[in-house]
Amino acid sequence: MPVEEFMAGWISGALGLVLGHPFDTVKVRLQTQTTYRGITDCMVKIYRHESLLGFFKGMSFPIASIAVVNSVLFGVYSNTLLALTATSHQERRAQPPSYTHVFVAGCTGGVLQAYCLAPFDLIKVRLQNQTESRVQPGSPQPRYRGPVHCAATIFQEEGPRGLFRGAWTLMLRDTPTLGIYFVTYEGLCRQYTPEGQNPSSATVLVAGGFAGIASWVTATPLDVIKSRMQMDGLGPKAYHGLLDCMVSSFRQEGLGVFFRGLTINSARAFPVNAVTFLSYEYFLYSWG
Ligand SMILES: CN(C)C(=N)NCCC[C@H](N)C(=O)O
């Protein structure tokens, strides 16, 4: 099993993550809290109350976890394509796989990465939703002191299964959307690259960016529900499951609730995934 794909997936994921984390914090706040009037209001309030550090809350853990998550995604994707088409990454430019194979491989990567991502994502969302200031003396102590304390507290208060709160929704979100992610990337690369050649860096950047947007636009409705289910372990339970969360969010806030964070998700997706794909292709090319 080629391990380069796993390594390249890890490093490229980490680069994309640092770039996109401030956008991600704003998105999570907009999806789960009703105190903000929009993206600008949310950004101004975070900056005033929590300083620049507020945008980077909950980032240390994803940096560690991206090693697992992104390497699983790209490694499983590429190795599934290898199993389906018997072509390696280098051979695929001359013998491109069918879009059905690309979609199936993307979905397979999506299921497995969602399973690994679930506890890390839960901790990230809980930490991002703490609005207490770290820099103002005398302000109230946040519930979680950091990622390890957060994991231990969830384990104690909500049990081991608590660490997988929202995992099904995450899997439903990621399985088809990661198929869409890789199909969009492949489609755009093929469209703008002469047959048999490798795509240029500009093509990889644009195709990666649009792959990110296409997948996040389709992922946003379940992303909102996933974030709400993850926050539901705190205090009295508001939802009896995924369907109940969808129905009661719709009843209380209308159809628009499923598109909360869509703009910020798309704005974040372009640079993050442009950098992710560019560095992924670069590492595979230089190690190849
Ligand atoms: C729609 N979904 C779930 C994705 N496209 N997932 C792939 C993750 C890529 C990158 N780390 C990111 O966070 O955008």
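Every number for a ligand or one of its atoms is a count from 1 in the order of the listing.
Proximity of the aromatic rings of Phe182 and Phe74 is defined here by a centroid distance below 6.0 angstrom, and this criterion is met.
More than 12 heavy atoms of other residues, nucleotides or ligands lie within 6.0 Å of OH in Tyr36, so this atom counts as buried by the packing criterion. Heavy-atom neighbours of Tyr192 OH from other residues, nucleotides or ligands within 6.0 Å: at or below the threshold of 12.
Using a 4.0 Å cut-off between charged side-chain N and carboxylate O, Glu186 and Arg92 make no salt bridge. For Arg165 and Glu157, the salt-bridge test fails: no basic side-chain N is under 4.0 Å from an acidic carboxylate O. Here Asp232 does not pair with Arg228 in a salt bridge; the nearest charged N to carboxylate O distance is not below 4.0 Å.
Among protein heavy atoms, atom 3 (C) of ligand 1 sits closest to Asp174 OD1, 3.0 Å. The protein non-hydrogen atom at the shortest distance from atom 10 (C) of ligand 1 is Asn273 OD1, 3.3 Å. Nearest protein heavy-atom contact of atom 6 (N) of ligand 1 is Leu178 CD2, 3.5 Å. The protein heavy atom nearest to atom 11 (N) of ligand 1 is Asn70 OD1, 4.0 Å. For atom 13 (O) of ligand 1, the nearest non-hydrogen atom of the protein is Arg268 NH2, 2.7 Å.
With a heavy-atom cut-off of 4.0 Å, Arg173 touches ligand 1 through its side chain alone.
The ligand atoms of ligand 1 that sit less than 4.0 angstrom from a heavy atom of Ala219 are 1 (C).
Gln31 and Lys27 are not linked by any side-chain donor-acceptor pair at a separation below 3.5 angstrom, with hydrogens and angles left out of the test.
For ligand 1, the polar-atom distance check against Ser215 finds a nitrogen or oxygen pair separated by under 3.5 Å. Residue contacts with ligand 1: Trp216 is placed with a nitrogen or oxygen under 3.5 Å of a nitrogen or oxygen of the ligand (distance criterion only).
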